[in-house]
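Since this is a predicted model, take the numbers as computed values, not measurements. In the text below, chain A, chain B and the rest are named by the order of the sequence lines, each starting its count at 1.
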Protein chains: 2
Amino acid sequence: MAVTMNDVARAAGVSLKTVSNVINNYEFIRPTTKQRVLNAIDELGYETNLTARSLRSGKTSMLGLVLADLSIPYYAELASDIMKAAWDRGYRVLVEQSGNEADHEKAALQGQFRSLTDGLLFIPLALDAEQIIEAAGNKPLVLLGEFVEDPRLDMVLIQNHSAAAAVTTHLLAGGRRRIAVLGANDGDTTGSNGLRLSGYQAALAAAGVEYDPALVVGCDWRRDGGADATARLLDSGVAFDAVFGLNDALALGALHELLVRGKKVPDDVAVAGFDDIDEARFASPSLTTVAPGRTEIAERAVELLINRIEAKGSISDVQQPEAAFSLRVRQSAP
Amino acid sequence: MAVTMNDVARAAGVSLKTVSNVINNYEFIRPTTKQRVLNAIDELGYETNLTARSLRSGKTSMLGLVLADLSIPYYAELASDIMKAAWDRGYRVLVEQSGNEADHEKAALQGQFRSLTDGLLFIPLALDAEQIIEAAGNKPLVLLGEFVEDPRLDMVLIQNHSAAAAVTTHLLAGGRRRIAVLGANDGDTTGSNGLRLSGYQAALAAAGVEYDPALVVGCDWRRDGGADATARLLDSGVAFDAVFGLNDALALGALHELLVRGKKVPDDVAVAGFDDIDEARFASPSLTTVAPGRTEIAERAVELLINRIEAKGSISDVQQPEAAFSLRVRQSAP
DNA sequence: ACTGGTGGATACATCGTTGCAGATGAGGCC
DNA sequence: GGCCTCATCTGCAACGATGTATCCACCAGT
């Protein structure tokens, strides 16, 4: 049915291997021969069977990307950047949604998904470093440093601590003293939640402002999580003049709830987030947030992973590049 | 390096084919033999090589999904739903971003991308029906009826006309008479823009309200497109008491711009959109919009495509199921 | 005892490529 | 003229699975 190299070879009057050589840009081919083959390819409409190539060469030229859900804007935007970066280097990306469930994450690391890809980009949410190391085979693996940090694993780091401190410092500079935090629980020290919380605490300490655990509210990192948490906070009567959502979804949920409840933003309460998703710019009021360097993260991660894949032999040290962040001051916290 | 069926066969003391039979749940295998094989698989940590299976069987169990860009929320949410629907039926989804460029779309339809998938889901933006038919090979293809409609192609339809009419009717019922439209140009009749515009016009006509081309502003279907268009409208001095963004991004951009300019929404100007992306619920004020049945679209499309793939032989008529829509009345246009 | 049917297992070819080793032939050099 | 070199091309054997055909027991039926 499909045209194969054999057909092309016959049509061009050369051997199958020569066709293969032409396609793979083998150096020593007479220009006339090459042209003859190319013509035949054109005429027959031949297309390389990537499956066969993969089987023979042992490479699929696909990267796996494991994340919670594409419907979450930050992941969608990150995935888009990753796919572009991969494309530029001749790789495609196969996305697997884990739904933030440990089973799915494990399955993605171990399962058949792996055999389809040359390496994995992984945004762990449910698994910890130990489980990841155990579950991951010998396939190249690069983490996107959202939640897990571990010296044994390649990963691209977000400056969770510093960036959160920068946001907090900005709010403090605006005169805010009672800054609520959404998305972490008092005492968290690991993961994005813990690291961002500690950045917040450090900034408070540096400014000589007391830390009040009552201002720290844990919840799902989604818009409705932020809205609910804000509602609880308002209902509880705890006073606050700013809200720091540990990601933009939380902040946007909080923003929504505050406005619904008749609070003025930023006059009564300032709001800031983390991620700088596209939506933040167009919220009303627009959302002050910190850009963690999404495009840089995507490119570094893809580059690191592809280096691992293509330099299989050389065992080099674990790499953990860190992406630069930048504060985006907008209306919600000027 | 990797464990193959051969290794398992040797370990279990059976033939390679028996291992294959066990894995593929062949009926007639002695339970003891089966157990022996399963044990060996477990011990050796064998995993099916999907590439080899694909080569031999001619199926990749992957669906291609061609869309403009995952960073656009509606596509991201749709992609997420599609991946879930496909997963349930044992297929994976390989996403290709066309960036809304004709070349990329064509390449996706023709190129190597196709050889990796059993069939394609395609959200055409740049190509028209003629070009699609020409470029598409004999691979199963299902369009997501955003922009292109054609009786020769399988597709899942959105009720562009009726849904847009419903939104317009709702705005009219709220007492609005000067409803601006963002995202179409006067005279458009095809594509989502044209169909939605004609729905708008039909609703106006039904209510006996005159159609004013000055209220129709074409622009990119993105947040900043909507913001810019709204700015131009305001600057031009054309009076309007409602804005209908032909998708939510446009409406949210408009919302943003209106609030920036000091307009009260919905008091001065009502705003409505189209798509019901997650963000719409949490905008401030929350956005009135119409849900085109995203999940249903995803499921129908996946189902239709898989039916085509698996029932290759039977040539049946072109199918064009239509998804049900529903109006979501929120604060921006109560 | 012989035939036929069936459960249970196997051998071999094959999918479409690429890696490796080798064949061919035209010059160049002594 | 013979030998070596090197560009150019070819043939064969994989990669790891599955489809087809076949084979071997073993039991039922006559």
Side-chain angles (χ1 to χ4, degrees), chain A residues 1-38 40-41 44-62 90 111-112 114-118 137 139 310 312, chain B residues 1-38 40-41 44-62 90 112 114-118 137 310 312:
Chain A
M1 4 192 3
V3 184
T4 77
M5 274 193 179
N6 226 321
D7 303 327
V8 175
R10 223 187 325 270
V14 296
S15 81
L16 185 159
K17 190 66 230 269
T18 299
V19 177
S20 169
N21 285 336
V22 168
I23 285 172
N24 293 290
N25 285 314
Y26 179 63
E27 198 178 353
F28 302 115
I29 299 182
R30 213 189 309 273
T32 58
T33 313
K34 185 168 187 171
Q35 199 49 56
R36 210 146 29 96
V37 171
L38 291 176
I41 287 177
L44 301 181
Y46 168 77
E47 265 166 38
T48 322
N49 181 322
L50 296 181
T51 305
R53 173 181 291 176
S54 290
L55 175 59
R56 181 62 242 235
S57 66
K59 306 222 143 193
T60 62
S61 291
M62 287 209 270
Q112 304 195 315
R114 241 185 33 203
S115 91
L116 284 171
T117 60
D118 293 338
K139 271 260 166 81
E310 296 181 352
K312 228 176 189 169
Chain B
M1 6 202 345
V3 184
T4 78
M5 272 194 178
N6 226 322
D7 302 327
V8 175
R10 225 188 323 270
V14 297
S15 80
L16 184 157
K17 188 68 228 270
T18 300
V19 177
S20 169
N21 285 336
V22 168
I23 285 173
N24 293 291
N25 285 317
Y26 179 64
E27 197 178 353
F28 303 114
I29 301 183
R30 212 189 310 269
T32 58
T33 313
K34 185 168 187 169
Q35 199 50 54
R36 213 146 26 96
V37 171
L38 290 176
I41 287 176
L44 301 181
Y46 168 78
E47 266 166 36
T48 324
N49 180 321
L50 297 181
T51 305
R53 174 181 290 175
S54 291
L55 175 60
R56 183 62 242 237
S57 66
K59 305 223 145 193
T60 63
S61 291
M62 288 210 270
Q112 303 195 315
R114 241 186 31 204
S115 91
L116 284 170
T117 60
D118 293 340
E310 295 180 352
K312 227 175 189 169

Measure the shortest side-chain to side-chain distance between [X] and [Y] over non-hydrogen atoms and say whether it is less than 4.5 angstrom.
X      : Y      : answer
V8(B)  : V22(B) : no
V14(A) : K34(A) : no
I23(B) : R53(B) : yes

To the side chain of [X], which of [options] is closest?
X      : options                   : value
R56(B) : dA17(D), dT10(C), dT17(C) : dA17(D)
F28(B) : dG7(C), dT18(D), dT10(C)  : dG7(C)
T4(A)  : dT17(C), dA9(C), dT18(D)  : dT17(C)
S20(A) : dG16(C), dC9(D), dT18(C)  : dT18(C)
L16(B) : dT18(D), dG16(D), dA13(D) : dT18(D)
Y46(B) : dA17(D), dG16(D), dT18(C) : dA17(D)
R30(A) : dC9(D), dT10(D), dT17(C)  : dC9(D)

For [X] and [N], is the shortest distance between a side-chain N/O and OP1 or OP2 below 4.0 Å?
X      : N       : result
T33(B) : dA9(C)  : yes
R53(A) : dT18(C) : yes
N49(A) : dC15(C) : no

Quiz item: For the side chain of N49(B) and the backbone of T51(B), is there at least one donor-acceptor N/O pair under 3.5 Å apart?
Solution: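 Side chain of N49(B) to backbone of T51(B), a donor-acceptor pair under 3.5 Å: yes, one is there.
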What is the nucleic acid contact for [X], judged by heavy atoms within less than 4.0 Å: base, sugar-phosphate only, or nothing?
X      : answer
S57(A) : nothing
I29(A) : sugar-phosphate
Y26(A) : base

Quiz prompt | Nearest-nucleotide 5' precedence on DNA chain C, A52(B) against N21(B) | solution =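 Result: N21(B).
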Quiz item: Is there a donor N/O on one and an acceptor N/O on the other, under 3.5 Å, for the side chain of K34(B) and the base of dG8(C)?
Solution: no
Quiz prompt | 5' precedence on DNA chain D between P31(A) and T48(B) (nearest-nucleotide basis) | solution = P31(A)
